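All values below were derived from every heavy atom in this structure, side-chain atoms included, with hydrogens, water molecules and symmetry-related copies excluded. Worth saying up front: this structure is predicted, and the values here are computed from it rather than measured.
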Amino acid sequence: MGLRLTPPTKNVFYVSIICIVFAVALYLFGVLGLVTGGFASVAHFAFWSAVLGWFMLTLGVALKGV
């Protein structure tokens, strides 16, 4: 039959948006030099935070009806 995609729950959506906003803010703070520890380290955490937010949203869409 195929995978039936449904909208994620509100909680999953909000938490994933928080992760993505955190990632963008962390990246911008690193670019502007407001966070110490080296840009590569900050960009690393920003990337994985964005991946976490995207993964949560993807699971919320794919697994809501399961």
Side-chain angles (χ1 to χ4, degrees):
M1 291 217 148
L3 183 64
R4 186 173 148 228
L5 299 178
T6 59
T9 62
K10 288 181 183 179
N11 292 335
V12 171
F13 178 75
Y14 293 144
V15 171
S16 66
I17 292 299
I18 289 170
C19 286
I20 293 170
V21 168
F22 176 72
V24 170
L26 190 60
Y27 179 77
L28 289 176
F29 290 159
V31 167
L32 297 174
L34 300 174
V35 178
T36 59
F39 175 71
S41 174
V42 172
H44 178 78
F45 287 116
F47 171 77
W48 285 111
S49 177
V51 168
L52 177 66
W54 173 80
F55 188 68
M56 288 176 54
L57 192 59
T58 302
L59 286 178
V61 167
L63 299 178
K64 181 180 177 187
V66 175

Engineer: Scan the side chains in residues 15-26 for donor-acceptor partners under 3.5 Å anywhere in the protein, sequence neighbours excluded, and list what turns up.
Structural biologist:
residue : atom : partner : partner atom : Å
Ser16   : OG   : Val12   : O            : 3.2
Ser16   : OG   : Phe13   : O            : 2.8

Engineer: To the nearest 0.5 Å, tell me how far Thr9 OG1 sits from Leu63 CG.
Structural biologist: 11.0 Å

Engineer: Going hydrophobic residue to hydrophobic residue with side-chain gaps under 4.5 angstrom, can you get from Phe47 over to Tyr27?
Structural biologist: no

Engineer: How long is the span from the CH2 atom in Trp54 to the CG atom in Leu59, to the nearest 0.5 Å?
Structural biologist: 8.5 Å

Engineer: Where is the tightest heavy-atom contact between Pro8 and Val61, given as atom of each residue plus distance?
Structural biologist: CD-CG2, 3.7 Å

Engineer: Would you please name every residue forming a side-chain contact (heavy atoms from CB on, under 4.5 Å) with Trp48, sequence neighbours left out?
Structural biologist: His44, Val51

